[in-house]
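Heads up, the thing below is written out as structure tokens.
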Amino acid sequence: MHAKQYIQDLLQRALWQEGLEWPEKASVEPPREEEHGDMASNAALVLASSMGQKPRDLAQTLQEHIAGDPYLDRVEVAGPGFLNFFFKPEFWHQVLSDVFEQGSGFGASSAGEGERVLVEYVSANPTGPLHIGHGRGAAVGDSLARILRFTGHKVDTEYYVNDSGRQVQLLGRSILLRYKELCGEHADPLPQDCYQGEYIRDLARELFDLRGNELLYLDQERAEAECAEFGLKRILEQIRSDLREFGAEHAIWFRESSITEEGGVEGTLESLQQQGLVYESEGALWFASTRYGDDKDRVLRKSDGELTYFAADIAYHADKLARGYDRLINVWGADHHGYVPRMQAAVQALGRNRDDLQLLLVQMVNLLRDGEYVSMSTRAGEFVTLAEVCREVGTDAARFIFLSHKSDSHLDFDLDLVKKQNMDNPVYYVQYAHARICSVFKKARERGYIGEEELPSALGGLEAKEELDLLKRLDRFSEMLQGAARTLSPHHLSFYLRDLAGAFHSYYNKYPVLIPDDEERELCRARLTLLSGIAQVLRNGLSLLGVRAPETM
RNA sequence: GCGCCAGUAGCUCAGUAGGAUAGAGCAACGGCCUUCUAAGCCGUAGGCCGGAGGUUCAAAUCCUCCCUGGCGCGCCA
């Protein structure tokens, strides 16, 4: 059992003996200061004020109930009324048994209670290649999905493909114009609302190689449509392969057209209408989103008869909910934050709680090269693609950087920094820790300190402060993941791994593991056991970030 | 004008169920490789947690106001 749970149970029993309930606001946490023990609780502080008692007196009463626990070295009342718990080393040793029993499942939990969650992420318009900003969304969405799965949620991942509407039409028009250039027609500069990127020329060239100039003989609308279809297909293929390369694979690719073409939007509008949430004004159809806290009502159908993007989005989310998910998580670029209230209003209008849709907003990424910001705009065709960045710095490094920042703060992605192989670039630091351990094991087997296939199992002898500290870190792994899942914050995992790697590197430099002296064989095997446990947790953690754990570097 | 996010060491950032003396990396300075990977380790220095009030045993964390930066506020997608 993990330390925190153990103490919580202990305290709860002590409270019952006093006829008290565990207070909502009480906590059990590893304190910052070493002198405050392995775990500390403020339970007495929280309870005393409402009981008219002195916190320290109550703490002392609880302390007396707990005294004599076999795994505890001692319990102290401290400061204004904290209870500080000190474990015996044997308690920490059992963490390693758990690691070996559970292996790649160590750290997993059932905290999510099987909740069905759909994580939608990236969902970039298929009108151009993924750029670096999408990479951040991909890393966050993918890692979050993995963490949620690991913490007992039932997770699907989805990419919403905006394959209809005006932007696709513009894609077709852009390609067609470039295509006509290739056919020798006079080339005006592309209209401003067209996609200007070089990739449009590539698509036009490819189309020309396939079809010759036969598109010239189609009427404009038909030709644009064929260009759009072709471009969409190619770009989507590219997006899929970029994401696969990046280690983020969506289970479901949901096409907007599957809703718009099957009348899904109409159906959803009707159901809103039946609830009296829809009205006509100025020739347009409106959704009364202000009823659910939005700033103003939103148009569903414009006065020209066209449905808005928002209308399709409501239908899309209705579809998601109808598929049986308990909770929807959308990973969005923060520039869409203005869209959040109306979307949550929609979810409420669909008969669900506001929080059944959570929006994880990922702030923008500024790309830095040679100390200068690189400006980016999809439409103007100025951007650095995700694929280029991955080729330049490697997917492991890119993912780790993205996942080392909380998503609601801006991120300066410094290409020169990420290419460095030192602590500027923490991914190597963590990977290096894993490779080092693997290397020690290789040597240990060569020297016969341990059998070729044998997993170490010795647990005694690990009593140095640093050793116990490492064990405590392993003990916290599972709880940390639950926190990351609860707050939708994969970056907590990155920081945990960096700290764990740091503690290991430090230990490694101070204590020899492969001790030649035969009389120290047991200690050597105990330390190998510890290292093996650390390596397992590094592997488990890195795998949740979608980063490799190499055996050599 | 309104709204969202951010403001913590020189730089990049952690710190979200309010906890005890605010952390890490980089950069700076000084040390550690004939022994397990120096992509590493040890040490020194570095702070009015944007500002001002408030809530309480306790605030970087919660509330109010203000300052600065980014983003967003369409019958666009």
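The chains referred to below are lettered A, B, ... by the order of the sequence lines, with proteins before strands, and numbering in each begins at 1.
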note: A/L360, atom CG; B/rC5, atom C1'; distance rounded to Å ~ 13 Å

Assigned chi class of B/rA22 under the 90° convention is anti

* Asked: Does A/K406 make a side-chain N or O approach to OP1 or OP2 of B/rG15 shorter than 4.0 Å?
  -> yes

Review point. Parallel, tilted or perpendicular for A/Y339 and A/F310, by the 30°/60° rule?
Key: perpendicular

Phosphate contact (B/rA20 OP1 or OP2) by A/R32 side-chain N/O below 4.0 Å | yes

Exercise for review: Pick the C1' atom in B/rU8 and in B/rG43, then give their distance to the nearest Å.
Suggested key: 25 Å

Of the candidates B/rG40, B/rG15, B/rC42, the side chain of A/S506 sits closest to B/rC42

Of B/rC57, B/rA77, B/rC75, the nucleotide closest to the side chain of A/E282 is B/rC75

Donor-acceptor pair under 3.5 Å: do we get one between A/N42's side chain and the base of B/rG19? yes

Sugar-phosphate, base or nothing in reach of A/A40, heavy atoms under 4.0 Å:
base

When rounded to whole Å, the CZ to P distance for the pair A/R342 and B/rG72 reads 14 Å

Here the distance between atom C1' of B/rC73 and atom CG of A/D294, to the nearest Å, is 11 Å

Inter-nucleotide C1' distance (B/rG19, B/rC76), Å rounded: 49 Å

Nearest-nucleotide check on RNA chain B, A/D295 vs A/E306; residue mapping nearer the 5' end is A/D295

Ignoring hydrogens and angles, does a donor from either the side chain of A/N84 or the base of B/rA20 sit under 3.5 Å from an acceptor on the other?
yes

Winner on side-chain proximity to A/M364, out of B/rG15, B/rC57, B/rC71, is B/rC71

Practice prompt. Go through the side-chain N and O atoms of A/N162 and A/Q167 and say whether any donor and acceptor fall under 3.5 Å apart.
Written response: no

Quick note, A/R498 side chain, CB onward, closest among B/rC57, B/rA24, B/rG15 is B/rA24

Considering only heavy side-chain atoms of A/H36, the closest of B/rG70, B/rG72, B/rA20 is B/rA20

note: A/L481, atom CG; B/rU16, atom P; distance rounded to Å ~ 17 Å

Across every strand shown, the nucleotide meeting Watson-Crick or G-U wobble geometry with B/rC26 (both distances under 3.5 Å) is B/rG10

In whole angstroms, the gap separating P of B/rC75 from CZ of A/F287 amounts to 15 Å

- Between A/E467 and A/Y507, is any side-chain donor less than 3.5 angstrom from a side-chain acceptor? yes

Between CG of A/L368 and C1' of B/rC11 the distance, given in whole Å, is 12 Å

Going by distance alone, is a donor N or O of one side chain under 3.5 Å from an acceptor N or O of the other, for A/Y160 and A/N330? no

C1' atom, B/rC49 versus B/rU21: distance in rounded Å?
15 Å

Side-chain atoms of A/F495 come closest, of B/rC13, B/rU16, B/rG15, to B/rC13

As its Watson-Crick or G-U partner within any shown strand, both distances under 3.5 Å, B/rA77 has none

So what does A/Q169 hit on the nucleic acid, given a heavy-atom distance under 4.0 Å: a base, only sugar-phosphate, or nothing?
-> nothing

Practice problem: Ignoring hydrogens and angles, state whether a donor on the side chain of A/Q536 or A/S532 is under 3.5 Å from an acceptor on the partner side chain. | Solution: no

Each nucleotide of nucleotides 27-36 of chain B classed B (base within 4.0 Å of a protein heavy atom), S (only sugar-phosphate) or -, in 5' to 3' order, makes ---------B

- Query: If you measure from the C1' atom in B/rA59 to the same atom in B/rC48, how many Å do you get, rounded?
  - Reply: 15 Å

**Message:** Say we look at B/rU16 and B/rC11: how far apart would their C1' atoms be, to the nearest angstrom?
**Reply:** 26 Å

Measure the acute angle between the ring planes of A/F254 and A/Y316, then classify it against the limits of 30° and 60° as parallel, tilted or perpendicular. tilted

Ranking B/rG19, B/rA6, B/rA20 by distance to the side chain of A/V46, first place goes to B/rG19

A/H405 has its side chain closest, among B/rA20, B/rC13, B/rG19, to B/rC13

| query | Ring centroid separation for A/F400 and A/Y428, is it under 6.0 angstrom? | reply | no

The glycosidic conformation of B/rC33, counting syn as within 90° of 0 and anti otherwise, is syn

Self-check item: Rounded distance in Å between the C1' positions of B/rA24 and B/rG46
Solution: 14 Å

Query raised in the report: Under 3.5 Å, side chain of A/R136 to main-chain N/O of A/Q363, donor-acceptor pair present?
Result: yes

Checklist entry - Base, sugar-phosphate alone, or nothing: which one does A/S41 contact when heavy atoms must sit under 4.0 Å apart? => result nothing

Problem - Pairwise C1' distance, B/rA9 and B/rA60 [rounded to whole Å] - result: 14 Å

Paired to B/rC32 by Watson-Crick or G-U wobble criteria (both distances under 3.5 Å) is B/rG40

- Are side-chain heavy atoms of A/L528 and A/V440 found at a separation under 4.5 Å? yes

Would the distance check show the side chain of A/R527 and the main-chain N or O of A/P512 forming a donor-acceptor pair, the cut-off being under 3.5 Å?
yes

Rounded to whole Å, CG of A/L411 lies from C1' of B/rG70 at a distance of 14 Å

Spacing of the P atoms in B/rC62 and B/rA6 (rounded, Å) = 9 Å

- prompt: Using a cut-off of 4.0 Å on non-hydrogen atoms, how would the nucleic acid contact of A/R301 be classed: base, sugar-phosphate, or nothing?
  reply: nothing

Separation of B/rG74 atom P from A/D313 atom CG, nearest Å, is 17 Å

By the Watson-Crick or G-U definition, both distances under 3.5 Å, B/rC62 is matched with B/rG54

Can you see if the side chain of A/S409 gets near the phosphate of B/rA14 - specifically, an N or O under 4.0 Å from OP1 or OP2? yes

Between A/F310 and A/T552, the residue closer to the 5' end of RNA chain B by nearest nucleotide is A/T552

Winner on side-chain proximity to A/D335, out of B/rG72, B/rA6, B/rA22, is B/rG72

Closest of B/rC57, B/rC41, B/rA39 to the A/H505 side chain is B/rC41

* A/F82-B/rA20 aromatic stacking (under 5.5 Å, under 30°) -> yes

side-chain hydrogen bond (donor to acceptor under 3.5 Å, both in side chains) with A/D469: of A/K465, A/R473, A/K472, only one passes, and it is A/R473

- Item | Note, A/M39 side chain near A/P30 side chain (heavy atom, < 4.5 Å) | yes

B/rG72 base stacked by A/H337? Criteria: ring centres under 5.5 Å, plane angle under 30°. no

